[in-house]
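The structure appears below as structure tokens.
Everything numeric in this text was worked out from a predicted model, so none of it was measured.
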Amino acid sequence: MTEIPVIDVHAHFLTEEMMARMRKEAPDVGPEISEIDRHGATLRVGAIVQKPFPRGGWDLDKRLSDMSAAAVDLQVLSPLPQTFLYDLEPERTAAIAAIQNEAIAALVQRLPDKFLGIAAVPMQAPDLAAAELERAMCELGL
């Protein structure tokens, strides 16, 4: 009998590289982490502050270790809701979504036995959302 894999379908991820690229696109909203310790940090995205932000939220080695400890075989990665930024201009939100989609797709391509990915889109702009969803699915494989 084949063992059934354990799949975590609700796994948000935001790497430091993603945060840096997003700060270039939208410096007024961040995101950035501070007060980092071995367990987590404080995450700021504009006026939104999350404390604690678990270390596995941005640290891939910690995430993989946590997955192993919890016997999770596969995670479906998605952007953090704090980064949807629907109150920004649609073009900026589309750029932020694209950054996250590209980073998640790269991680999925690097570790396909560990991760799948779900795309973010600028929901406040249906035409831009449809275009990013098509790009994310057809070009990035999300």
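Follow the hydrophobic side-chain contacts under 4.5 Å out from Leu80 and you reach Ile99 in the same cluster. A continuous path of hydrophobic side-chain contacts links Leu116 to Val9 [ILVMFWY only; heavy atoms under 4.5 Å]. Put simply, Ile33 and Val49 are part of two different groups of oily side chains (I, L, V, M, F, W, Y) that touch within less than 4.5 Å, one to the next. Cluster annotation: Val6 is connected to Phe115 through the hydrophobic network of ILVMFWY side chains, with a link wherever side-chain heavy atoms come within less than 4.5 Å. The same ILVMFWY cluster, assembled from side-chain heavy atoms under 4.5 Å apart, contains both Val72 and Leu111.
Looking at heavy atoms from C-beta onward, Val45 lies in side-chain contact with Leu85 at the 4.5 angstrom threshold. When side chains are defined from C-beta on, Leu128 does not count as touching Val121, because their heavy atoms never get closer than 4.5 Å. You'll find the side chain of Met22 reaches within 4.5 Å of the side chain of Leu14, heavy atoms only. The side-chain heavy atoms of Asp113 and Asp73, taken from C-beta on, include no pair separated by under 4.5 Å. Side-chain contact between Arg21 and Thr15: absent, with no pair of heavy atoms (C-beta onward) separated by less than 4.5 Å. Contact annotation: the side chain of His39 never approaches that of Arg55 to less than 4.5 Å [non-hydrogen atoms, C-beta and beyond]. Side-chain contact between Leu60 and Leu107: present, with at least one pair of heavy atoms (C-beta onward) separated by less than 4.5 Å. Proximity of Ser34 to Arg44: side-chain heavy atoms (C-beta onward) are nowhere separated by under 4.5 Å.
Pro52 and Pro54 make their closest contact through O-CD, 3.6 Å (heavy atoms, listed as atom of the first residue, atom of the second, distance). The two residues Pro90 and Gln124 make their nearest non-hydrogen contact at CA-NE2, 3.7 Å.
Here Gln100 contributes atom CD and Glu132 contributes atom CD; the two are 10.0 Å apart, rounded to the nearest 0.5 Å. Atoms CG and NZ, on Leu74 and Lys114 in that order, are 8.5 Å from each other to the nearest 0.5 Å. Between atom CZ of residue Arg23 and atom CG of residue Asp28 there is a gap of 13.0 Å, rounded to the nearest 0.5 Å. To the nearest 0.5 Å, atoms CD (Glu32) and CD (Glu16) are separated by 11.5 Å. Separating the CD atom in Glu139 from the CG atom in Leu142 is a distance of 11.0 Å, to the nearest 0.5 Å.
Side-chain N or O atoms of Ser78 include none that pairs as donor or acceptor with a backbone N or O of Ile118 at under 3.5 Å. With Glu134 contributing its side chain and Ala129 its backbone, the two residues share no donor-acceptor pair below 3.5 Å. Between the side chain of Asn101 and the backbone N or O of Ala120, at least one donor-acceptor pair lies under 3.5 Å.
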**OP:** Go through the steps to decide whether Gln109 and Leu140 satisfy the test side-chain contact (heavy atoms from CB on, under 4.5 Å), and finish with yes or no.
**Re:** CA-CA 9 Å; Gln109 288 175 352; Leu140 301 177; 6.0 Å; no
**OP:** Starting from the C-alpha separation in whole Å, work towards a yes-or-no answer on salt bridge (charged side-chain N to carboxylate O under 4.0 Å, His left out) for Arg92 and Asp87.
**Re:** CA-CA 10 Å; Arg92 288 176 75 200; Asp87 58 332; over 6 Å; no
Subject >> Criterion side-chain contact (heavy atoms from CB on, under 4.5 Å) on Thr93 and Phe84, from CA distance to verdict >> reply: CA-CA 7 Å; Thr93 304; Phe84 292 166; over 6 Å; no
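Checked against the 6.0 Å centroid threshold, Phe13 and Trp58 do not count as a close aromatic pair.
For Ala11, the side chain to side chain contact (heavy atoms under 4.5 Å, CB included) partners two or more places apart in sequence, or in a different chain, are Asp8, Arg63, Gln75, Leu77. With sequence neighbours excluded, the residues that form a salt bridge (charged side-chain N to carboxylate O under 4.0 Å, His left out) with Glu35 are Lys51.
A salt bridge between Arg135 and Glu102 is present, with a side-chain N of the basic residue lying under 4.0 Å from a carboxylate O of the acidic one.
The closest side-chain donor-acceptor pair between Thr42 and Gln50, if any, does not fall under 3.5 angstrom.
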